[in-house]
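Reading through the structure tokens given below for one structure.
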Amino acid sequence: MTIKSWKRRGEWLELMPGKVVTGSSDKQLAAEQWLLTELSFPEKLLRQLKANHGIQLAGDRLRLALFASQPIDVEPRWADMDVLFEDDFCLVVHKPADMKLHPDGSRADHAITLDHAVASYYEINGIDANVRHVHRLDEDTTGPVLYAKNAFALAKLDEAMRRKEIGRQYVAIAEGRVSPELSKIDAPIGKDRHHKQRRRVSEGGQEAVTHVEIGEVWEHSTLVRLRLDTGRTHQIRVHLSYSGHPLVGDLLYGGRPDAIGRQALHGEMLMFNHPLTGALIEVRDPWPSDFWQLAQREGKTQ
């Protein structure tokens with residue numbers, strides 16, 4: 001179901017479920033059933049709201065305490081950050097190169113991660129919410145990262161990830177001339193027992209599927225766009241290296257060194273259904289300058 005009308009009032013979300021609830025002899029039960037059937041409301045969260053008096057009926061309105069203040073549970077550390085999309089449920093921000101997604105938990109870790117930057121953004125803008133990213137990006141991969149701003153959004157988006165309903169399109173520059181026949185790489189990925197950081201194609205690994213679309217073919221490299229059916233660690237890097245076309249700059253997987261100083265990989269689009277309304281959200285992230293410059297250098301070598 002698509003929710004077209006909703007309003008936030010402080011910590012409360014207001015919905016208008018209609019006569020199926022307001023005309024019922026047991027409005028509370030009808031409201032709960034409506035939430036479960038029409039919104040696919042997470043049952044655990046529904047029980048928590050009931051226990052904390054977070055469900056109210058006021059005339060023709062159903063009120064849910066979805067925006068109750070939560071502690072910012074990551075240390076705020078300011079960094080300049082590009083916000084690509086934001087509303088009361090979701091935040092999408094650009095992750096730059098050379099930035100980890102989240103702290104590693106060690107006391108000696110003083111680097112600013114994207115989670116730290118989001119925590120600072122929340123603090124500055126008076127957003128009392130836990131810092132919860134929905135998916136991951138490698139340290140040196142750039143692109144959009146989706147955050148859930150409340151427990152309802154997190155539960156719905158986590159479920160969407162499990163169902164493979166969150167789409168991510170990447171763009172990369174791979175070595176050599178990639179054949180148009182390479183449209184799908186279906187090869188399981190596991191840990192490399194000889195190298196702690198690496199992954200490798202392995203018969204005993206986890207299922208991994210990458211779809212490949214040729215963009216531009218240059219003399220020494222190819223611009224490719226990629227979509228993932230799965231989200232294994234280093235999946236694109238492993239699969240393209242396995243196919244004989246490692247990413248330019250990806251020294252870990254056999255790529256040649258380049259001034260870009262990292263793997264030439266960028267997440268250029270994120271697609272997901274809004275956790276409340278169901279509307280399709282498409283967030284585009286422009287190429288960063290180092291990727292543009294590499295593409296121009298590679299194109300000039302023709």
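Residues Ile127 and Leu91 have side chains not in contact (no heavy-atom distance under 4.5 Å, counting atoms from C-beta outward). Residues Leu270 and Asp285 have side chains not in contact (no heavy-atom distance under 4.5 Å, counting atoms from C-beta outward). In this structure the side chain of Pro71 never reaches within 4.5 angstrom of the side chain of Asp128, judged on heavy atoms. Annotation: side chain of Ile185 is in contact with side chain of Val212 (closest heavy-atom distance under 4.5 Å). Looking only at side-chain heavy atoms (C-beta outward), Leu280 and Phe272 stay at 4.5 Å or farther from each other. Side-chain contact check for Thr113 versus His116: some heavy-atom pair is nearer than 4.5 Å. Side-chain atoms of Val118 and Val93, non-hydrogen and from C-beta on, do get closer than 4.5 Å to each other. In this structure, the side chains of Val145 and Val92 stay at 4.5 Å or more apart for every pair of heavy atoms.
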Would you please test Ile55 and Arg63 for side-chain contact (heavy atoms from CB on, under 4.5 Å) and show each step?
-> CA-CA 6 Å; Ile55 303 175; Arg63 306 178 77 226; over 6 Å; no
Give the intermediate values and the outcome of side-chain contact (heavy atoms from CB on, under 4.5 Å) for residues Met269 and Met271.
-> CA-CA 7 Å; Met269 187 160 63; Met271 297 149 285; 3.7 Å; yes
Any chance you could lay out the side-chain contact (heavy atoms from CB on, under 4.5 Å) test for Leu223 and Trp218, step after step, and finish with the verdict?
-> CA-CA 8 Å; Leu223 182 80; Trp218 301 310; 3.9 Å; yes
Stepwise side-chain hydrogen bond (donor to acceptor under 3.5 Å, both in side chains) check, Thr141 with Gln263 | CA-CA 7 Å; Thr141 299; Gln263 64 265 15; 3.1 Å; yes
Can you list the steps and then say if Phe67 with Asp88 is a side-chain contact (heavy atoms from CB on, under 4.5 Å)?
-> CA-CA 8 Å; Phe67 306 113; Asp88 288 315; 3.9 Å; yes
Can Glu139 and Arg262 be said to form a salt bridge (charged side-chain N to carboxylate O under 4.0 Å, His left out), step by step?
-> CA-CA 10 Å; Glu139 180 176 354; Arg262 65 180 182 94; over 6 Å; no
Dump the intermediate steps for side-chain hydrogen bond (donor to acceptor under 3.5 Å, both in side chains) on Arg136 and His102, then the final yes or no.
-> CA-CA 9 Å; Arg136 299 169 182 263; His102 57 84; 2.9 Å; yes
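Ion pairing of Arg177 with Glu219 is absent here, as no side-chain N (NZ or NE/NH1/NH2) approaches a carboxylate O to less than 4.0 Å. Between Arg132 and Asp73 a salt bridge is recorded (basic side-chain N to carboxylate O distance below 4.0 Å). Taking the charged nitrogens against the carboxylate oxygens, Glu14 and Lys7 have no contact shorter than 4.0 Å, which rules out a salt bridge. Using a 4.0 Å cut-off between charged nitrogen and carboxylate oxygen, Glu159 and Arg162 count as a salt-bridge pair.
Looking at Arg237, its side chain never comes within 3.5 Å of a backbone N or O of Arg199 through a donor-acceptor pair. Checking side-chain atoms of Ser179 against main-chain N and O of Glu181 turns up a donor-acceptor pair under 3.5 Å. Under the 3.5 Å distance criterion, the side-chain polar atoms of His239 are matched with a main-chain donor or acceptor of Ala187. Thr142 contributes no side-chain N or O that, together with a main-chain N or O of Pro96, makes up a donor-acceptor pair within less than 3.5 Å. At least one donor-acceptor pair under 3.5 Å links the side chain of Lys95 to the backbone N or O of Asp138. Between the side chain of Asp87 and the backbone N or O of Phe89, at least one donor-acceptor pair lies under 3.5 Å. Listed for the Ser243 side chain is no donor-acceptor partner under 3.5 Å among the backbone atoms of His245. Side chain of Glu213 to main chain of Leu226: no donor-acceptor pair is present (N/O by atom type, distance under 3.5 Å, no hydrogens or angles). Judged by distance alone, with hydrogens and angles left aside, the side-chain atoms of Glu175 form a donor-acceptor pair with the main-chain N or O of Arg256 at under 3.5 Å. Gln235 contributes a side-chain N or O that, together with a main-chain N or O of Arg232, makes up a donor-acceptor pair within less than 3.5 Å.
Across Ala174 and Leu240, no two heavy atoms sit closer than the pair CB-CD1, 4.4 Å. Residue Leu251 comes nearest to Gly255 through the heavy atom pair CD2-O, 3.4 Å, listed as atom of the first residue, atom of the second, then distance. What you find for Ser5 and Leu15 is that their closest heavy atoms are O-CD2, 4.1 Å. The minimum heavy-atom distance between Thr222 and Val178, with the atom names listed, is OG1-N, 2.9 Å. The two residues Val131 and Val74 come nearest to each other via the heavy atoms CB-CG2, 3.9 Å. When every heavy atom of Ala148 is checked against every heavy atom of Val134, the shortest pair comes out as N-CG2, 4.0 Å.
Using modelled atom types and a 3.5 Å distance limit, the side chains of Thr230 and Gln206 yield no donor-acceptor pair. Checking Arg198 against His234 by side-chain atom types alone, no donor-acceptor pair falls below 3.5 Å.
Both Leu276 and Leu49 sit in one connected hydrophobic cluster of ILVMFWY residues. Membership requires side-chain heavy atoms under 4.5 Å apart, directly or through other members. Hydrophobic cluster membership differs between Met81 and Val283, with clusters built from Ile, Leu, Val, Met, Phe, Trp and Tyr side chains linked at under 4.5 angstrom. One hydrophobic cluster, built from ILVMFWY side chains closer than 4.5 Å, cannot hold both Ile236 and Met161; they sit in different ones.
Taking CG from Leu45 and CG from Leu154, the interatomic distance works out to 10.0 Å, rounded to the nearest 0.5 Å. In this structure, CG on Leu157 lies 13.0 Å from NE2 on His133, to the nearest 0.5 angstrom. To the nearest 0.5 Å, atoms CZ (Arg168) and CG (Leu137) are separated by 7.5 Å. Once rounded to the nearest 0.5 Å, the distance linking CD of Glu268 with CZ of Arg284 reads 7.5 Å. Taking CZ of Arg77 as the start and CG of Asp115 as the end, the distance is 11.0 Å to the nearest 0.5 Å. For the atom pair Glu32 CD and Thr37 OG1, the distance stands at 11.5 Å (nearest 0.5 Å).
For Tyr170 and His266, the ring centers sit 6.0 Å or farther from each other. Proximity of the aromatic rings of Phe41 and Phe152 is defined here by a centroid distance below 6.0 angstrom, and this criterion is met. Checked against the 6.0 Å centroid criterion, the rings of Tyr147 and Tyr122 do not qualify as a close aromatic pair.
Environment of NE2 in His53: sparse, with no more than 12 heavy atoms of neighbouring residues, nucleotides or ligands closer than 6.0 Å. Heavy-atom neighbours of Phe85 CZ from other residues, nucleotides or ligands within 6.0 Å: above the threshold of 12. The environment of Lys191 atom NZ is sparse: at most 12 non-hydrogen atoms of other residues, nucleotides or ligands sit within 6.0 angstrom. Within 6.0 Å of CZ in Arg8 there are more than 12 heavy atoms belonging to other residues, nucleotides or ligands. Under a cut-off of 6.0 angstrom, the local environment of CD in Glu43 is sparse, with at most 12 non-hydrogen atoms contributed by other residues, nucleotides or ligands.
Using the six-membered ring where Trp is involved, Trp287 and Trp292 have ring planes that are tilted, between 30° and 60° apart.
When the options Leu57, Asp60, Leu29 are evaluated for a side chain to side chain contact (heavy atoms under 4.5 Å, CB included) with Val21, the one that passes is Leu57.
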